[in-house]
Structure formats: C-alpha cells, structure tokens
Amino acid sequence: MPPDSSTPPSLPMASWLRQIARTPQQDSFELLSRPGMLSLALGLPAAELFPGEALARAAGSLSSVAALQYRAPEESLKPHVIELMSARGVKCSASQIFFTVGAQQGMSLLLRLLLDSGQEVMAEEISYTGFAGALAPHDCKLLTVPTNVETGIDVDAVEARLRNGARPRVLYVMADGHNPLGVSLPLEKRRRLAELSREFGFYILEDDAYGQLCFGEGSPAIRSFEERWVLYIGSFSKILAPSLRLGWVVVPEELAAELANVKEGSDLDVASFSQHVASAALGTGFLGKHVAALKEEYRQRRDAMERALAEHFPSGASWSHPEGGFFTWVELPRHLNATQLLRRAADEQRVAFMPGGAFSLRPGAGDNCMRLCFSYCAPAVIEDGVARLGKLLRSVM
Ligand SMILES: Cc1ncc(COP(=O)(O)O)c(C=O)c1O
C-alpha cells in the first residue's frame, strides 16, 4: 500500500529528546498567563529594583565600534569580576575568568567540556531544573544524594557513595540561596566537599547564581577551599539584569583553552554589547550600594513571606529560613501532592507556585512540597498570595 500522504511521518530528532516531557515550568506559563493570577511561581528578580538608569547611561556612553563589533572577551569587565569573586573569598586571575551567556550557559559549557558518555554525575535529589536541562543531552548516569532545607546536601551520603565506589566526574551544587530549597551550606560542609573533590578527583560545579545576595555575613564559596577541582559559575542576572544574559565561570587555567573551543563551537561570543554595558556601568562604582539595597529589600520580602506563612498556613506545614536568594521551600504532609494542589490554587484562589516535584531528580522527591518565590512581589502581594494558599491548604489539611 502506498504511504498515506495526508499524515507525514514525524520528523526525526535526537533520541535524548524523547525522554523530555513537558516541564512544569512550561505548564506554569499557561497558568500564569490567566488574567488576575498572583504568581509566587517564577524566580524573577524584582523589576522595580533593576538599575535601569545606570545601565541606560552606560549604554549611552559606549563607542559603537567597541560595542557593536565581533570582539574578544571584554578585559575591562574582568577586574570587576575579580572583585566580586574576592567578596566570595575566591582569588582568581583574569585568565581564569570566562564570560558566558548567563550562569545557565556556564553550566552547559562546563558539562560539555567535562563529560564523556557513560560517566557518573552526582547531584542533590532536589535541585535546580536548569541543571537537569543542561545535563539531559549527555548520556550519563545520574547519582542523587539526599538534601534538606536546614543543612543542604548530605555530605555524609556523598562520602559514603564515593567510598563505596561511585566515581562521578562532576558534582553539581549550590552553596548559597539554593534554588529551590533556599538553604545555604554550613561552612564545614563546603570545606568537606572541597576535600572530597581533591581526594577522589571529581569536579564540583559550584552554581553561585545567588551568592552575591546573602542576607547575613555569608560564608566563602566552595571554590575558596579548592582551586583545581571546584569550577565556579557566577551571574549578573540577579545583581544587574537577566536580560543582559551575562555570567562568568572561573576555571583553572589548564582548562581555559579547551573551554574557549567549546564556547566558540557553541555560539562564538558572549554579546559584546552586554559586556560593554556591564563594564561601563560597573566602572562608575555603583554596584556595592546597589547590591546592598537589593539584599535589604529581598531580606524584607523573605521576612514578609515568613510572617505570612506563620499567620496563614495550617500546622503540619513547615518551611525553610533562607539566608539568601529568592525562594522559600514549604513542606506539606506526605499525603498531599503539590502538583494537584497547584491546579486548585490556580482555579479556586488565582494564585500560582512551583510544585516541588518540578525540582526532583529522584522520582517522588519533593512531591509534597512547594517553592514560593519572595523576590518578585512586594510584601503586601506576598501576604495576599500566602493568605490565598493558606485558605486552600486549610481545606485539605
Ligand atoms: C540556581 C540557578 N542557576 C542558574 C540560573 C540561570 O541564571 P542566568 O540568568 O545567569 O543564566 C538560575 C536562574 O534562575 C538559577 O536559579
């Protein structure tokens, strides 16, 4: 029989894509586009805190040849990164800094640089969705370890797996402002992870997207304890603006040339325009004050979130106390499924959050949990959203 010409065969594509289902983020975009929806879902910086004027002035001051041409990485931006790194306890030189299209590309490029097919990769069982996305094309074996909202990744479990023969090439971790748990790792765990990476010879990908936004004193980055095996991923998205699509990685010099090859084969350059705008803006010295103001405002929003949770959520719910970043993690009784609750929250209360299962690298982890973002909404809106969620939760708990 001749093939049925009315239904063409589906177009072929890479086989790893068949394992990728629609993500909960994509689902939540549909919910968020409904009129009147109050969102505690997406992890966006507060738009009213963007340094719009400083960036516009910086853009206006650029010479068109420098900012519009294909160019090598912007050396004048590197001293600013060196200063930011020094605030995280990390010493580095200009030749170890590599600009990327946000932290997300930093992670992707490093995985491409480091992984061979069949290798093991270790991560927390609840982790940043973008890491899962970056890892997906790689044919690797994912080893998950427990984590928790109070003390973060279970380093004893990491060590036990290593001593029992696990040989990951890479461990992915967020030491500060964990997305989604909101936890910051105790100093001792940072030190131990660095020691383990040295002893067993695996790379730690330290995603520090929120590292400049610690509300208290903060602890040094993991890379401050180990310069060879810990590769640092930083971002201007949360401290300047995500639309610049500008981040950086700090790597040992011995990886720099190969990393440059991976980047060139991927997308040639980081937008020169963004690098120049950032460099000109930071050159005015405004960043210190700006970041201090961001920290203060986000700390107040975190407090507003915690006050509202204490007032409106029923007993049986518990939540993290984030020392930095954008997120509070709420645990509900085990029998509740947050993905199902999200539908009801959207339909009945017009409020949205991210269900914990969206961040699960081990099936089932976090299903009874919700991630609430406190960075984006003003305190009064946070209180309103939490009150609405509390109403729903009281009807099911
Ligand atoms: C933990 C974490 N890493 C990386 C990113 C990506 O950041 P960027 O905008 O720098 O690509 C995000 C964004 O939300 C994040 O939460």
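As the structure is a computational prediction, the values presented were derived from the model and not from experiment. In listed order, ligands and their atoms are each counted from 1.
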I need the contact type for [X] against ligand 1. Using non-hydrogen atoms and a strict under-4.0 Å cut-off, is it side chain, backbone, both or neither?
| X | value |
| --- | --- |
| Pro242 | neither |
| Tyr210 | side chain |
| Arg245 | side chain |
| His178 | neither |

Any atoms of ligand 1 less than 4.0 Å from a non-hydrogen atom of [X]? List them with their elements.
| X | answer |
| --- | --- |
| Gly102 | 8 (P), 10 (O), 11 (O) |
| Met174 | 1 (C) |
| Ser235 | 8 (P), 10 (O) |
| Ser237 | 8 (P), 9 (O), 10 (O) |

Report task. Determine, using ring centers only, whether Trp248 and Phe99 are less than 6.0 Å apart. Result -> no
Report summary line: side chain to side chain contact (heavy atoms under 4.5 Å, CB included) with Gln275: of Lys78, Glu74, Glu75, only one passes, and it is Glu74
Query raised in the report: Among Val270, Val249, Leu113, Leu268, which one satisfies side chain to side chain contact (heavy atoms under 4.5 Å, CB included) with Lys263?
Result: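 That would be Val270; it is the only one of Val270, Val249, Leu113, Leu268 passing the side chain to side chain contact (heavy atoms under 4.5 Å, CB included) with Lys263.
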Query raised in the report: How about Glu83: does its CD atom have over 12 heavy atoms from other parts shown lying under 6.0 Å from it?
Result: no
Query raised in the report: Should we count CZ of Arg362 as having more than 12 external heavy atoms under 6.0 Å?
Result: yes
Query - Pair Lys391 + Glu348, salt bridge at N-O below 4.0 Å - result: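 Looking at Lys391 and Glu348, the cut-off is not met.
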What protein heavy atom is closest to [atom], reported as residue, atom name and distance in Å?
| atom | answer |
| --- | --- |
| atom 7 (O) of ligand 1 | Ala103 CB, 3.8 Å |
| atom 5 (C) of ligand 1 | Tyr128 OH, 3.2 Å |
| atom 14 (O) of ligand 1 | Lys238 NZ, 2.9 Å |
| atom 3 (N) of ligand 1 | Asp207 OD2, 2.6 Å |

Query raised in the report: Using 30° and 60° as the class limits, which term best fits the ring planes of Tyr298 and Phe326: parallel, tilted or perpendicular?
Result: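 Geometry flag for Phe326 against Tyr298: tilted rings.
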Query raised in the report: Under 3.5 Å, side chain of Glu120 to main-chain N/O of Arg167, donor-acceptor pair present?
Result: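 It does hold such a pair.
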